[in-house]
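Contents: one structure, followed by commentary.
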Amino acid sequence: MTYYPFVVAAVLFVAGLYGAITSRSYVHLAVCLTVMQASTYVLLLAIGYLRGAAPPITQGQLPGTRLVDPVVQALTLTDIVVSVVVLALILSLAVQAHRRAGTVDPDKLRRIRG
Amino acid sequence: MTSGLTAVLQAVALTLVGVLGVGTVLVRDPLRQVVVNGMLGLSLVVAFAVLQAPDVAIAEVVVSAIAVPMVLLPVIYKTHGGGKG
Amino acid sequence: MNRRVRLVLLMPSLAAILGVLLWGYTGLPNFGTTISSYGQFIDRVAEPQRHVTNLVSAVMFDYRGIDTLVEEFILFASAMGVALLLRSSREVAEQRPRDVVTSDAVRTAGSALAPVMLLFGLWIIAFGYVTPGGGFQGGVAASAGALLLWLAGSYRTLRDLSPTFLVDAAEGLGAASYIGIGLLGLAAGSPFLYNTIPLGTAGTLASGGTIAALNWVAGIEVAAAFVLIYHEFLEEYIQTFTYTKADQ
Amino acid sequence: MSLLLPLVVALPLVVAALLAAVGTHLPRVLPDLIAIGTAAAVTAISLLLLLDSGDHPIVYWFGGWRPVPGPGGQPHVIAPGIAFVIDSFAAAEAALAGLAVLATLIFAWRYFETIRHLFHALMLAFLGGMVGFALSGDLFNIFVFFELMSVAGYALCAYRVERPDVLQGSLNFAILNSMGAFAMLMGIAMLYGSTGALNLVDIGSTLSHQHPTGLMVASLTLITVGFLVKAGAAPFHFWLSDAYAVATAAAAAIFTAVMGELAFHVYARIYTTVFAESITGSAAAAVTAALISLAVLSALVGAVMCALEADTKRQVAFLTVSNGGAVLAGIALLNPTGLSCAIMYIVAAGLLRGALMLGLGMVVTRLGTSDELRLRGRGRARRHIPLGVLIALCGLGLAAPPPFGPFLSLSLIYDAVDQAGYGWVAPVLAACVAVSAGTVLRAAARIFLGWGDRTDPLLTEQPEEPQEGEPEPEERGARRRLWMLSPAFALVVAGYGLAFGPHLAAHAIDAARGLQDHAEHARLVLQGIVPAPRPLPDYHPSPLALGYGAASFAGRY
């Protein structure tokens, strides 16, 4: 387990990148981007984890209990918001591409553009 | 919870995250992708919970159960499932 | 460029990226062995300093409050952007029947679920600085409640009753109030986002000072922004649905 | 000052939110006026900050969370809060952003007749994002501002959503920039994991006490990729030409004047405060070599593509890439002269490019297309004279005529690369500047004087169907035309006049020295110890550099 979470993060990053580059649909591509971003959640939380420590909520904890890192959790929350926001924006562009050009395929859209 | 059990749970949850993440990318049909992506979201929730991050786990629950389907499904319906060409 | 050629070119670069990432991670401390001095510091001082028991909310709304401020505005800008991209094109609008999505089942399920979701969301916001949860999580949950309400109570009437500008206003004012609370600090002669409200007792709802206020404001902003975004996407769906019906 | 300082970010954001909330109910002119007033206020505060940060950077801790001594005692500290660290460069950059948005809002006065409040809200959020991005001294906070700027940028880019090329350009922009942002965030997370800090200076100090590992190289690479994608440096320039060409003139003017080069600036700041202390000797030389080669590549690719392009807006996009090469060359040297001239060049050339883009927006509005071949001779009418003069002035200014505008900073860049042992880079950059600025003049001559042929086999062929004009209300006489041009002329005047600031170069080099003296900078940021005043360095460009500068001006065709 020493490196395992980091390996998972790296795999997610590369898998998302692969999916985004080879995607044939902007809808699929947008989801691949969220997979890519999920790698940063895993990495951040893995960095902030301490074995045997409690969640960073002091309610009901004895004073002096070891807690995990609350900072990375706050960063991850911000990260999740960014992820949803980017998804929504790319999808709304994809909807328009479908309406205006009749396709959500990146290659076809490029050809239509000329 | 013993630390050994925690480690096992973490390993299982992270493996699920990895497998489902790769799966989400490889599934090309958007509607099926939504399902796999939802499972990825669920596995992330479990992973966050066993990494002692309940705040993030709740955020991931609401995002992957509500926000993402709410924007994805209408778009998929429009662009891939019927509607005007 | 041919798809196959692209794929062949892509694989080595992806392998290289994976390699660089894994090589980089070897410089990290082993998983679970230690946490940052920053995190340890917050764990030690946050409850005594800020009288909240959810330390994540202390980081989000106080120590790193400006991050969250910007985060709210990212959400704000995105809701504006989605509205700009989808609303403008519908202005060339079509008359369409409105009621298509609300079957009886949806209506019943919605009217039963909506208040539950809404209350659940508000509850998550309310206890955000005491137990896990907070403005963002509760806001998204509450937005689902608001949306179900929208769907359940016949879409048309509710749309006419609560036109978009009501949600627009909630979203804009929510985001503006976050800055307003920050400016309170300036008005008191202290830095922006400095706590100006009595701290109260940790572990109760009356605690946290500005954290509580910012938490609520963020919750309202998040809920409104998501309702706006869902609404724009749902309009797309309804439009498609109408077209399909007309085609048949 | 500490009262005004947070307003530089808070004001545009709060006004954006309020405009979105109640903008639809206000009388028509009010949102325009409010937005313009806000941009003017941001510019004014930034200029005040610029004056105030002359001696040493201003440090502002939000929420009053100043650093505290760490558990290990001195010299380790913990910074629980987020600071803005405002050096002269950052303040100048913020003022540039304010000025560009101000000019654009005046240009776009009643330009968009429908859903204006959304446009204004997004413009102001964009401004807030850019200013915060320039001023923030916290790595994660920089990422968050970066995202705010990007999200507002995607939406503004896709404003004319009805055209497929706009959608394709915006989608590329959004997707590539998001990927860059994720790479950057990966790098940030790795740095946090290894140093336990997010404040730039704090990370830098901690990193310099650690054994160098693969982590440092990997995180530097990831962060570099993220910023180079945003800045559109080769080989990441693909999205840029599409996005700039399809965005409305109002948005494109801000993109080309500020957004891309701002990424270079913030990258330079991160490099100097975080990495410079740990990467020394041969490693630093390797970084310089790598960045210089990217810089030369950007300059060359940008200049060649610019010269071969018939679409004038695309020309400006490639001109931006090419100018970015010169900026990156300055930054790559990792010394005070290089850094200071790069930033001065960003500001001077950015003003001129912004004005140029606004001018081209007018060309599209009046003449219906942005293709220089199709436009040949169509601008010969008398009423187009001011517009022609504007574009010619921008082109001339970008060619760096001595002693105006970007001339001083460009000569400094030539001088700095020469001293650093990259003598061959200076003539290459000079040639690229000459070619790209010459292209603008070529287009101006073809459009407004009717010079040259109607067809040119060298230039990229354009799709047949002519573009329709921007959705702009009909012209209302000469006064209105002048009104729309006046902000662009003001930018040109500012761009030309910038070189005449008293002791400008000396002040800039002084500021760069302050940033690059890590120990002194760390004491200022983390402990609040104000450095002792230094005598201003005495600096004059060498005759060789002046020669290159003059040659690059004379060499345009």
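Below, chains carry the letters A, B, ... as their sequence lines are ordered, and counting in each starts from 1.
- Of the two parts of D:Leu13, the backbone and the side chain both hold a non-hydrogen atom closer than 4.5 Å to a non-hydrogen atom of chain C.
- The candidate with the highest count of non-hydrogen atom pairs below 4.5 Å against chain C, out of D:Ser194, D:Pro80, D:Ala125, is D:Pro80.
- In this structure, C:Tyr63 and D:Trp65 have tilted ring planes: the angle between them lies in the 30° to 60° band.
- If you measure heavy-atom distances from D:Val22 to chain C, you find no contacts under 4.5 Å at all.
- Per-residue counts of heavy-atom pairs under 4.5 Å with chain D were compared for C:Ala187, C:Ala176, C:Gly81; the largest is that of C:Ala176.
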message = Let's go through C:Thr210 and C:Asn195 carefully: what are the C-alpha distance in whole Å and the side-chain angles of both, what is the deciding distance for side chain to side chain donor-acceptor pair (under 3.5 Å) to 0.1 Å, and is it a yes or a no?
response = CA-CA 5 Å; C:Thr210 44; C:Asn195 181 52; 3.0 Å; yes
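- Interface residue D:Asp138: only side-chain heavy atoms are found under 4.5 Å from chain C.
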Full working for side-chain contact (heavy atoms from CB on, under 4.5 Å) between C:Ser207 and C:Thr201 = CA-CA 5 Å; C:Ser207 66; C:Thr201 319; 5.5 Å; no
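- Note on C:Thr34, C:Leu173, C:Asp62: by heavy-atom pairs under 4.5 Å with chain D, the leading option is C:Asp62.
- For D:Met149, no part lies under 4.5 angstrom from a heavy atom of chain C.
- Heavy-atom distances place the side chain of D:Val68, and not its backbone, under 4.5 Å from chain C.
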ask   = Please walk me through it: do C:Arg64 and D:Leu198 pass side-chain contact (heavy atoms from CB on, under 4.5 Å)?
value = CA-CA 11 Å; C:Arg64 301 186 63 80; D:Leu198 286 170; 3.6 Å; yes
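- Using a 4.5 Å cut-off between heavy atoms, D:Ala16 contacts chain C through both its backbone and its side chain.
- When heavy atoms are compared at a cutoff of 4.5 Å, D:Leu167 does not approach chain C at all.
- Taking the ring centroids of C:Tyr230 and C:Phe233, they lie at or beyond the 6.0 Å cut-off.
- With 3.5 Å as the limit, one finds a donor-acceptor pair spanning the side chains of C:Ser36 and D:Tyr192.
- Looking at D:Leu19, neither its backbone nor its side chain comes within 4.5 Å of chain C, counting heavy atoms on both sides.
- Chosen from C:Leu193, C:Val45, C:Ile179, the residue pairing most often with chain D at heavy-atom distances under 4.5 Å is C:Ile179.
- With a 4.5 Å cut-off on non-hydrogen atoms, D:Leu122 touches chain C through its side chain but not through its backbone.
- Taking the six-membered ring where the residue is Trp, C:Phe61 and C:Tyr178 present tilted rings, their angle falling between 30° and 60°.
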inquiry  = For D:Phe84 and D:Tyr60: C-alpha separation, side-chain torsions, deciding distance, then whether ring pair (Phe, Tyr, Trp, His ring centres under 6.0 Å) applies.
reply    = CA-CA 5 Å; D:Phe84 272 11; D:Tyr60 186 87; 7.5 Å; no
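- If you check the side chains of C:Glu47 and C:Thr53, you find no donor sitting under 3.5 Å from an acceptor.
- Residue with the most contacts toward chain C among D:Thr213, D:Asp202, D:Val151: D:Val151 (heavy-atom pairs, distance under 4.5 Å).
- The six-membered or imidazole ring of C:Phe41 lies away from that of C:Tyr38, with a centre-to-centre distance of 6.0 Å or more.
- Considering only heavy-atom pairs separated by less than 4.5 Å from chain D, the leading option among C:Val82, C:Val59, C:Ile66, C:Val20 is C:Ile66.
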